[in-house]
Amino acid sequence: MLLLTLLRNYLSMENLNLSEKPKYEKLVRYYLIALCAIATSIIVSQILVQKFISEQKNDSRVVNLSGRQRMLSQRISKCVLLLGDSLNTSKRSEYLEELEISLQEWKETHQGLIYSNESLGINGKNSRVIQELFTEIESDHSQMVLAAQNVLDKLGKNIQLPTDSLRNDINQVINHEEAFLKGMDKIVFQYDNEAKDKVTNLSSIEIFLLIISLGVIVFEIFFIFIPSAKTIRKTFKKLLQSEQKAKKMTLEISSLYSSLEQAYQDLLEVDVAVEDYTVFAKSMPNGDLYYFSDKFSKLMEFDEERPKNIFVWLQEQGYDSEYLQNIQKMTLSGKTWSGDIKVVNTMGDFVWIKMNITPTMGDSSEVEALMVIATDETEKKEAEAISQEINRERIEQKVKEQQFRSALILEGQEEERKRISRDMHDGIGQLLSAMKFNLEGIHSVSSDFEREKLKTSKDLLKNVIKEVRRISFNLTPSALSDYGIVPVLNKFCREITKLSDLQVTFENQTGFLSRLEGKIENNLYRICQEAVNNAIKYAEANEVKITLSHNSQYLNVDIVDDGKGFDMNKLEEKGHFSASGHGLFNIRERANFINGQCTITSEKGKGTKISIHVPIE
């Protein structure tokens, strides 16, 4: 025992930890910062490049169209001159068509270069210098457009118009062409210079972003990678030291196991009765058994056929294979498994064993064998089972006695209610009726005051008789024994609606008309009565609905109100006998008395529902 205690204390020592933990969180933070910086520079660079590419497309398109404007102005001048020199109708028609097409394209492109044109693919975002250049040639452009349009209009009316009639317009086009071409040359060169400036700026930005990326990389090298390498090297060094200590510990534990095994062998050889744990069996790491103790063989009553594998034997005894695989993995990792198992010996008797499967380690730090160290707990477990059975029977007996007493109390209450109801109906009710007849027989009253008092007495007596009948009905309705539960519940709902502010309705959903035993009908009525009274007193409900339905096996009664509800869990914690829970206790007791099932559901602000399910047969 002393050796086993030392072994357990030794195994429970805390594992060696590294004195300093790598600052992985700090390294991760640095990595994230560096990666975010690189990613940001890449994203910014891509945005700038894409923006430049888009602008380059626009710039190249603008330069192309600007050069084309020069060509179109020259074509317009050529067409005007040809129209003035030629009097041939067919030639004039050809030149006139070419002039109209060129003039239309020239005007459209000019407006697009200044203000933008999506169909031409230009955005019109010109610099201040280009805008001023366009302003300088605007007058020449307008004069040329006006003169060319006049030529088109005149020849459109008369294709054979003499050249003298066109001379002024032709001279107007020729005179303004030179100034327009010089202005367009300046515009084209300015567009080209601005495009070159954009390329230069983009190159500078790219160099700046490259410097930032290189700086981030240098930062990672000196502040992340080098410190990480040092930390990892230091960690590996400590891990090697920890591994050497672990090997030393394994050798010491292996020696301790060997001493423990030898101690158990000595105990068996001297035939000393050991009441505590003993070695029951030994096996290979995979569970193959090669040693059985006499105590284990006697306990399980093994003959010549003995289990070959401890885990296979436990699986045959009914234990789950996955559970046993986990135990085997645990022992192969060098850990001891402990637990209680219930098995059946060869004679069919149940045997309880408290078992420890302990691995023994070899010089190579691997598990060489498994020792099954156990003790017989059959008598203890049987005693516990007998004690539990006795306690269970005692509790069941108390519950039955309590139910029997509750049933007697309920029956006594019903008999007392019947007696009081009968006495009120036959005694007090008859006397009040006789008094009413006597008052009705008084006619000769002299004064108005006396007549008023007589009338008040008659009305008061009517109310007293009505109240007595109501109380008598509530105590034990006579219609219950005569007609059954359905008519009584229907009448009860009408009476409560008349006598209170609560709207109580009854619905027989499945047309149930059968009669039940007297105690069942009586208790169902009392349950409904108790539930409605609770709705009036505590729930502050406006409406209560009693629903009755049935099938081939059960009669179902649901009482639902729209009151303020309550917290069922808190009521259960307080107990049904508290001031707020006694009515619910009566409902459940009555349901149990007639072998019914009672379900109560409630939530604050959402009302209460009481469901009763009673067997019909």
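Smallest separation of non-hydrogen atoms from Thr608 and Gly565: OG1-CA, 3.9 Å. The two residues Gly334 and Val367 have their closest heavy-atom pair at N-CG2, 4.3 Å. Here the closest non-hydrogen pair linking Glu177 and Ser73 is OE2-O, 3.9 Å. Nearest heavy-atom pair across His176 and Asp140 is ND1-OD1, 2.9 Å. Of all the heavy atoms in Pro285 and Gln328, the pair that sits closest is O-NE2, 3.8 Å. The two atoms that bring Phe311 and Asn286 nearest to each other are CD1-O, 3.7 Å, heavy atoms only.
Looking at Glu132 and Arg128, a side-chain N of the basic residue comes within less than 4.0 Å of a carboxylate O on the acidic one, giving a salt bridge. Between Lys157 and Asp153 there is no salt bridge, since none of the side-chain N atoms of the basic residue sits less than 4.0 Å from a carboxylate O of the acidic one.
With contacts defined as side-chain heavy-atom distances shorter than 4.5 Å, the pair Cys79/Leu81 does not qualify. With contacts defined as side-chain heavy-atom distances shorter than 4.5 Å, the pair Met330/Pro359 does not qualify. The shortest distance between side-chain heavy atoms of Ser514 and Ile616 does not fall below 4.5 Å. Contact of the Ile76 side chain with the Leu99 side chain is registered, since non-hydrogen atoms from C-beta on lie closer than 4.5 Å. Side chains of Asn117 and Gln111 form no contact here, defined as non-hydrogen atoms less than 4.5 Å apart. The shortest side-chain heavy-atom distance between Leu502 and Val544 falls under the 4.5 Å cut-off. Looking only at side-chain heavy atoms (C-beta outward), Val557 and Ile546 come within less than 4.5 Å of each other. Side-chain atoms of Asp169 and Val80, non-hydrogen and from C-beta on, never get closer than 4.5 Å to each other.
Taking CZ of Arg68 as the start and CG of Leu113 as the end, the distance is 12.0 Å to the nearest 0.5 Å. Annotation: the span from Leu152 atom CG to Gln149 atom CD amounts to 5.0 Å, rounded to 0.5 Å. The CD1 atom of Ile485 lies 4.0 Å from the CG atom of Leu489; values are rounded to the nearest 0.5 Å. Put simply, CG on Leu82 and CZ on Arg75 are 12.0 Å apart, with the number rounded to the nearest 0.5 Å. Rounding to the nearest 0.5 Å gives a distance of 6.5 Å between CG of Asn534 and CD1 of Ile610. Considering CD1 of Ile327 and OG1 of Thr336, their distance stands at 12.5 Å, rounded to 0.5 Å.
Under a 3.5 Å cut-off, the side chain of Thr109 and the backbone N or O of Trp106 do not form any donor-acceptor pair. The closest donor-acceptor contact from the side chain of Asp562 to the backbone of Asn542 lies under 3.5 Å. In terms of modelled atom types and a separation under 3.5 Å, the side chain of Asp192 and the main chain of Val188 share no donor-acceptor contact. Using a distance-only test at 3.5 Å, with no hydrogens or angles considered, a donor-acceptor pair links the side chain of Asn326 to the main chain of Glu322. Formation of a donor-acceptor pair under 3.5 Å by the Ser549 side chain with backbone atoms of Leu555 is not found in this model. Although no hydrogens or angles enter the test, the distance criterion places a donor-acceptor pair under 3.5 Å between the side chain of Ser93 and the main chain of Thr89. Side-chain atoms of Arg92 come within 3.5 Å of backbone atoms of Leu161 as a donor-acceptor pair (strictly under, hydrogens ignored). Side chain of Asn175 to backbone of Asn171: a donor-acceptor contact under 3.5 angstrom is found. A donor-acceptor contact shorter than 3.5 Å links the side chain of Thr163 to the backbone of Gly84. Remark: the backbone N or O of Leu146 is paired with a side-chain donor or acceptor of Asn150 at under 3.5 angstrom.
A 6.0 Å sphere centred on NZ of Lys154 holds more than 12 heavy atoms belonging to other residues, nucleotides or ligands. More than 12 heavy-atom neighbours from other residues, nucleotides or ligands sit within 6.0 angstrom of CD on Glu507. Counted within 6.0 Å of NZ on Lys107, heavy atoms from surrounding residues, nucleotides or ligands total more than 12; the atom is thus considered enclosed. More than 12 non-hydrogen atoms from other residues, nucleotides or ligands lie less than 6.0 angstrom from CD of Gln509. Annotation for Glu100: atom CD does not count as buried by contact number, only 12 or fewer foreign heavy atoms lying within 6.0 Å.
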TODO: Test Ile310 against Val312 for side chain to side chain contact (heavy atoms under 4.5 Å, CB included), laying out the working first.
DONE: CA-CA 6 Å; Ile310 183 66; Val312 174; over 6 Å; no
TODO: Run the numbers on Asp567 and Lys604 for salt bridge (Lys or Arg N to Asp or Glu O under 4.0 Å), then give the verdict.
DONE: CA-CA 6 Å; Asp567 192 336; Lys604 285 190 175 182; 5.5 Å; no
- [ ] Kindly determine whether Ile114 and Glu138 satisfy side chain to side chain contact (heavy atoms under 4.5 Å, CB included), including the steps that lead there.
- [x] CA-CA 10 Å; Ile114 297 175; Glu138 183 63 32; 3.9 Å; yes
TODO: Apply the test side chain to side chain contact (heavy atoms under 4.5 Å, CB included) to residues Ser102 and Glu98: give CA-CA distance (whole Å), side-chain angles for both, the deciding distance (0.1 Å), then the verdict.
DONE: CA-CA 6 Å; Ser102 299; Glu98 184 179 358; 4.2 Å; yes
Open item on the list: Between Ser66 and Met184, does the side chain to side chain contact (heavy atoms under 4.5 Å, CB included) criterion hold? Intermediate values first, please.
Closed with: CA-CA 7 Å; Ser66 300; Met184 284 306 301; 4.0 Å; yes
Task: Verdict with reasoning, Glu495 to Lys491, per salt bridge (Lys or Arg N to Asp or Glu O under 4.0 Å) - done: CA-CA 6 Å; Glu495 292 292 331; Lys491 183 179 179 182; 5.3 Å; no
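Judged purely by distance below 3.5 Å, without hydrogens or angles, the side chains of Ser611 and Asp558 pair a donor atom with an acceptor atom. Neither side chain, Glu543 nor Gln503, offers a donor N or O lying under 3.5 Å from an acceptor on the other.
Ring to ring, His110 and Phe134 are close: their centroids are under 6.0 angstrom apart.
Test Asn126, Val63, Val62, Leu133 against Ile187 for side-chain contact (heavy atoms from CB on, under 4.5 Å) and you get one pass: Leu133.
Ring orientation note: the planes of Tyr323 and Trp337 are nearly perpendicular, at an angle over 60° on the 30°/60° scale.
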